[in-house]
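No hydrogens, no waters, no symmetry mates; every other heavy atom, side chains included, goes into these values.
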Amino acid sequence: SPTVASPTPTEVATTPSPTATPSPTPTLTEEEVHVAEATETLKGYIATQSTIGNSGGAGREAIQPFLGTVDLQADYQELWASVRAAGGYTTGAISIAEVSTVSYDPEHTGGPATTLRACLDHTLVTQFDSAGTAFPEAQVLRPVGLYTWQRSVDGTWKLLEEAPTGESC
């Protein structure tokens, strides 16, 4: 009977598949981390202002965790109490169109501090009096403000100063 030749094993050259080299995770400086944290806190602060305004000053204590001085706390309590007493309110929300860093001081007394320059967009906000009549647009719709924030020992950021610049953006 005829013999059938067995197939000979074939050697296959294997080359190791390339392993993906993980791209290095960008390392942020302490300043970059702090400015990013303060910017996120500014966003929360502005959103809280909109919420309080839309409720006619109700829930005004929600702003307190953002405020870093007794004077600011008193000023905001007075402001929102007067809005509430007058029956005024807003609709819509303030948004932040631009934010930039003016300064950063890692050695600030009490903890690192940064001042942010923010362009606030009020174009979607309407103010109303107690009768529900909209105020004419007397306010600047895109004001620029300076916000100085300080990092507390617990890692939260507190507003030390808020100042309008008189500019529009």
Side-chain angles (χ1 to χ4, degrees), residues 28-152 155-169:
L28 299 177
T29 66
E30 182 178 75
E31 177 178 346
E32 290 168 326
V33 169
H34 286 170
V35 167
E37 291 172 350
T39 300
E40 286 304 307
T41 304
L42 173 63
K43 290 176 184 176
Y45 169 72
I46 297 301
T48 301
Q49 291 278 37
S50 291
T51 300
I52 295 169
N54 289 345
S55 69
R60 61 187 178 269
E61 53 284 334
I63 204 70
Q64 294 301 315
F66 293 98
L67 306 176
T69 70
V70 173
D71 288 343
L72 277 175
Q73 291 171 357
D75 290 348
Y76 272 98
Q77 284 302 312
E78 184 178 319
L79 167 73
W80 289 116
S82 68
V83 168
R84 183 108 176 121
Y89 64 96
T90 61
T91 59
I94 302 166
S95 63
I96 300 174
E98 304 169 12
V99 178
S100 61
T101 306
V102 174
S103 65
Y104 174 73
D105 179 2
E107 304 298 323
H108 191 274
T109 303
T114 187
T115 298
L116 303 175
R117 179 184 188 276
C119 168
L120 302 182
D121 187 344
H122 290 252
T123 56
L124 298 178
V125 177
T126 304
Q127 293 181 323
F128 296 89
D129 64 18
S130 61
T133 304
F135 285 107
E137 290 183 16
Q139 71 177 11
V140 175
L141 295 179
R142 291 176 59 99
V144 175
L146 298 177
Y147 300 84
T148 301
W149 297 91
Q150 181 172 38
R151 191 171 195 271
S152 301
T156 60
W157 287 84
K158 303 291 184 186
L159 184 65
L160 296 182
E161 184 178 3
E162 177 177 358
T165 64
E167 301 171 57
S168 294
C169 51

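- Taking every heavy atom of both residues into account, Thr69 and Leu72 meet most closely at OG1-N, 3.0 Å.
- Side chain of Ser50 to backbone of Ile94: a donor-acceptor contact under 3.5 angstrom is found.
- In this structure, Ser130 OG and Arg84 CZ are separated by 12.5 Å, a value rounded to the nearest 0.5 Å.
- Arg142 places a side-chain N or O within donor-acceptor distance of the main-chain N or O of Cys169, the cut-off being under 3.5 Å.
- At a threshold of 4.5 Å between non-hydrogen side-chain atoms, the residues Leu67 and Tyr45 count as touching.
- A donor-acceptor pair under 3.5 Å links the side-chain atoms of Thr165 to the main chain of Val144, judged by distance alone.
- Checked by atom type and distance alone, the side chain of Gln150 pairs as donor or acceptor with a backbone atom of Thr109 at under 3.5 Å.
- The side-chain heavy atoms of Leu116 and Val35, taken from C-beta on, include a pair separated by under 4.5 Å.
- Taken to the nearest 0.5 Å, the CG atom of Asp121 stands 10.5 Å off from the CD1 atom of Ile96.
- Note that CD1 of Ile52 is 7.5 Å distant from CD of Glu61, once rounded to the nearest 0.5 Å.
- Checked against a 6.0 Å centroid threshold, the rings of His34 and Trp149 do not count as neighbours.
- Judged by distance alone, with hydrogens and angles left aside, the side-chain atoms of Thr90 form a donor-acceptor pair with the main-chain N or O of Asn54 at under 3.5 Å.
- A distance of 9.5 Å separates CG in Asp105 from OG1 in Thr114, rounded to the nearest 0.5 Å.
- Distance alone, capped at 3.5 Å, places no donor-acceptor pair between the Thr115 side chain and the Tyr147 backbone.
- With a 4.5 Å cut-off on side-chain heavy atoms, Tyr104 and Glu32 do not count as touching.
- Minimum interatomic distance between Ala62 and Pro65 (heavy atoms only, all atoms of both residues): O-CD, 3.2 Å.
- Residues His108 and Arg151 fail the side-chain proximity criterion, which asks for heavy atoms closer than 4.5 Å.
- The CD1 atom of Ile46 sits 7.0 Å away from atom NE2 of His122, with the distance rounded to the nearest 0.5 Å.
- Residues Gln49 and Tyr76 form a side-chain contact, since some pair of their non-hydrogen atoms from C-beta on lies under 4.5 Å apart.
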